There are 2 protein chains.
Amino acid sequence: MGRTADYSKQSCSIAATLEVIGDPWTLLVIRDAFQGVSRFEQWQDRLGVARNVLAARLKTLVQHGVLEPRLYSERPPRNEYVLTAKGKDLSAVLVTLHAWGAKHVYGDTDSGIDLVHKTCGHSLDPRIACGHCSEIVKGRDIVMTRAANRPTVGDVMPRDAAVGED
Amino acid sequence: MGRTADYSKQSCSIAATLEVIGDPWTLLVIRDAFQGVSRFEQWQDRLGVARNVLAARLKTLVQHGVLEPRLYSERPPRNEYVLTAKGKDLSAVLVTLHAWGAKHVYGDTDSGIDLVHKTCGHSLDPRIACGHCSEIVKGRDIVMTRAANRPTVGDVMPRDAAVGED
DNA sequence: CAAGTGGGTTGCCAAAAGGAACGGTCCGGA
DNA sequence: TCCGGACCGTTCCTTTTGGCAACCCACTTG
């Protein structure tokens with residue numbers, strides 16, 4: 001079956017996030033929302049996604065509080081969907097996805113969408129910084145630890161692991 | 001069915017990235033790889049994913065150069081899979097996904113996995129910084145522009161749009 | 001030599017995506 | 001007033017996938 005995919009039992013923030021935005025098309029719906037798209041037909045035109053699928057995605061995004069429906073016409077009832085604060089917080093995810101694709105899929109070829117950092121005028125080359133010490137974080141300085149004494153299914157990893165090496 | 005999903009025609013780095021890592025389970029496979037998992041049986045135990053699906057995911061991740069197979073036994077041929085540099089570059093994506101889930105799904109409850117910034121000792125509160133000016137980037141300082149004169153399918157958005165408002 | 005382990009492949013079934021058609025309500029023009 | 005079209009879905013049917021279990025092959029250990 002497709003995607004009954006029980007990520008959910010993993011008690012992991014990454015899995016939990018994927019539970020919300022991991023369905024096919026969902027992140028592209030959100031990407032377009034950041035570009036100002038807010039109506040059914042706009043998404044449908046841009047993505048070419050099946051209408052029933054789009055309807056389902058919008059519904060679950062609303063349920064999860066990522067999008068908020070706003071009635072802009074009663075009779076016929078029509079609503080548009082705008083990003084909530086929770087949804088806008090996904091910008092960091094989109095930024096890192098974009099950066100990876102720009103670097104590793106498109107080399108230096110044009111990639112259709114460009115992110116620009118307004119305050120410095122350059123196209124954005126995003127890095128992860130630490131909210132506490134404000135330093136740029138290198139991959140090897142991050143430690144992924146299995147929190148506390150939480151018995152998780154396949155606890156095969158005894159030691160902590162560094163994330164990346166760059 | 002599902003996921004014939006032609007993201008591909010979108011000429012967008014985000015869509016391109018999702019083409020590689022957007023399948024169900026794929027990001028969890030990569031998450032575990034960062035935690036040191038490198039063998040079929042380990043992933044299978046931890047994720048509970050169907051074996052055929054796991055085999056398919058590993059294959060495409062290798063094809064895309066995210067994982068590299070390494071033969072650790074000839075006869076019987078057995079290989080393990082390790083992250084390439086390209087794969088390790090996905091750490092930023094995992095970090096932002098994790099942060100979003102920790103903040104918006106788990107509130108302050110324990111989330112199973114914790115990311116710690118070794119150099120300052122705190123648990124990581126990731127921010128996006130600009131590689132050029134080294135400043136922390138606020139969402140509203142990012143402009144998503146449709147690059148150059150690339151005619152993309154549903155070009156309904158005349159103006160540029162700010163990303164987020166935080 | 002029998003049982004176990006590691007790493008898959010094969011086949012069947014159910015769930016999700018694709019796709020096209022339809023329905024309802026308004027609007028603008030002929 | 002009648003006709004077509006825009007919008008926003010919903011329904012129905014088809015096509016792919018993922019879930020699941022069984023199976024297989026090549027060692028290895030008891």
Side-chain angles (χ1 to χ4, degrees), chain A residues 1-10 15 18-29 32-33 37-63 67 69-82 153-154 156, chain B residues 1-10 15 18-19 21-29 32-33 37-63 67-82 153-154 156:
Chain A
M1 154 217 335
R3 283 312 315 299
T4 309
D6 238 350
Y7 294 168
S8 48
K9 307 243 166 356
Q10 305 246 349
L18 293 175
E19 201 70 28
V20 177
I21 59 163
D23 286 310
W25 296 113
T26 298
L27 270 167
L28 294 184
V29 167
D32 284 358
V37 168
S38 66
R39 294 188 184 181
F40 194 94
E41 214 70 10
Q42 292 178 309
W43 273 300
Q44 217 280 311
D45 287 348
R46 290 165 62 102
L47 299 178
V49 57
R51 303 177 76 80
N52 53 350
V53 173
L54 176 55
R57 295 293 176 271
L58 291 175
K59 189 179 299 181
T60 70
L61 285 173
V62 167
Q63 280 169 0
L67 294 179
R70 192 138 53 192
L71 209 65
Y72 70 89
S73 145
E74 318 182 356
R75 309 201 29 267
R78 295 272 183 272
N79 39 15
E80 57 186 0
Y81 303 88
V82 299
V153 192
V156 297
Chain B
M1 140 259 289
R3 289 316 316 300
T4 310
D6 241 349
Y7 295 166
S8 47
K9 307 243 165 356
Q10 304 247 348
L18 292 175
E19 200 69 31
I21 59 162
D23 286 312
W25 296 110
T26 298
L27 270 168
L28 294 185
V29 167
D32 283 358
V37 168
S38 65
R39 294 190 183 178
F40 193 93
E41 216 68 11
Q42 291 178 310
W43 273 300
Q44 217 280 312
D45 288 348
R46 290 165 63 103
L47 299 178
V49 57
R51 303 176 75 80
N52 53 350
V53 174
L54 177 55
R57 295 295 177 269
L58 292 174
K59 189 180 299 181
T60 70
L61 285 174
V62 167
Q63 279 168 0
L67 293 179
E68 189 175 39
R70 191 137 55 190
L71 209 65
Y72 70 89
S73 146
E74 317 181 357
R75 311 201 26 267
R78 294 277 182 269
N79 39 14
E80 57 187 359
Y81 302 87
V82 298
V153 191
V156 297

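Being a predicted model, the structure only gives us computed values, none of them experimental. In what follows, every chain begins at residue 1, and chains take the letters A, B, ... in the order their sequences are listed.
The interatomic distance linking B:Leu47 (CG) with D:dG19 (P) rounds to 11 Å, in whole Å. For the pair B:Leu71 CG and C:dG6 P, the computed distance is 17 Å after rounding to whole Å. Note: CG (B:Leu54) to P (C:dG6) measures 14 Å, nearest angstrom. Spacing between atom CZ of B:Arg75 and atom P of C:dG8 amounts to 17 Å, rounded to whole angstrom units. Atom-to-atom, CZ of B:Arg70 to P of C:dG7 comes out at 15 Å; the value is rounded to the nearest Å. Straight-line distance from the CD atom of B:Gln44 to the C1' atom of D:dA22: 14 Å, rounded to whole Å. Between the CH2 atom of B:Trp25 and the P atom of D:dT17 there is a distance of 18 Å, rounded to whole Å.
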Pairs of donor and acceptor atoms involving the side chains of residues 52-59 of chain A, under 3.5 Å and at least two apart or interchain, shall be tabulated with distances.
residue: A:Arg57; atom: NE; partner: A:Pro24; partner atom: O; Å: 3.0

Each nucleotide of nucleotides 4-10 of chain D classed B (base within 4.0 Å of a protein heavy atom), S (only sugar-phosphate) or -, in 5' to 3' order, makes ---BBBB
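Residue B:Trp43 places no side-chain N or O under 4.0 Å from the OP1 or OP2 atom of C:dG7.
For the residue pair A:Pro69 and A:Asn79, the shortest heavy atom distance occurs at CB-ND2, 3.9 Å. Residue B:Val29 comes nearest to B:Leu47 through the heavy atom pair CG2-CD1, 3.8 Å, listed as atom of the first residue, atom of the second, then distance.
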Requested in this report: For B:Arg39 and B:Gln44, run side chain to side chain contact (heavy atoms under 4.5 Å, CB included): C-alpha distance rounded to whole Å, both residues' side-chain angles, the deciding distance at 0.1 Å, then the answer.
Outcome: CA-CA 9 Å; B:Arg39 294 190 183 178; B:Gln44 217 280 312; over 6 Å; no
Exercise. Are B:Leu61 and B:Tyr81 close enough, and set up right, to give a side chain to side chain contact (heavy atoms under 4.5 Å, CB included), and what steps lead you there?
Worked result: CA-CA 10 Å; B:Leu61 285 174; B:Tyr81 302 87; over 6 Å; no
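Note that CD of B:Glu41 and CZ of B:Arg46 are 13.5 Å apart. Values are rounded to the nearest 0.5 Å.
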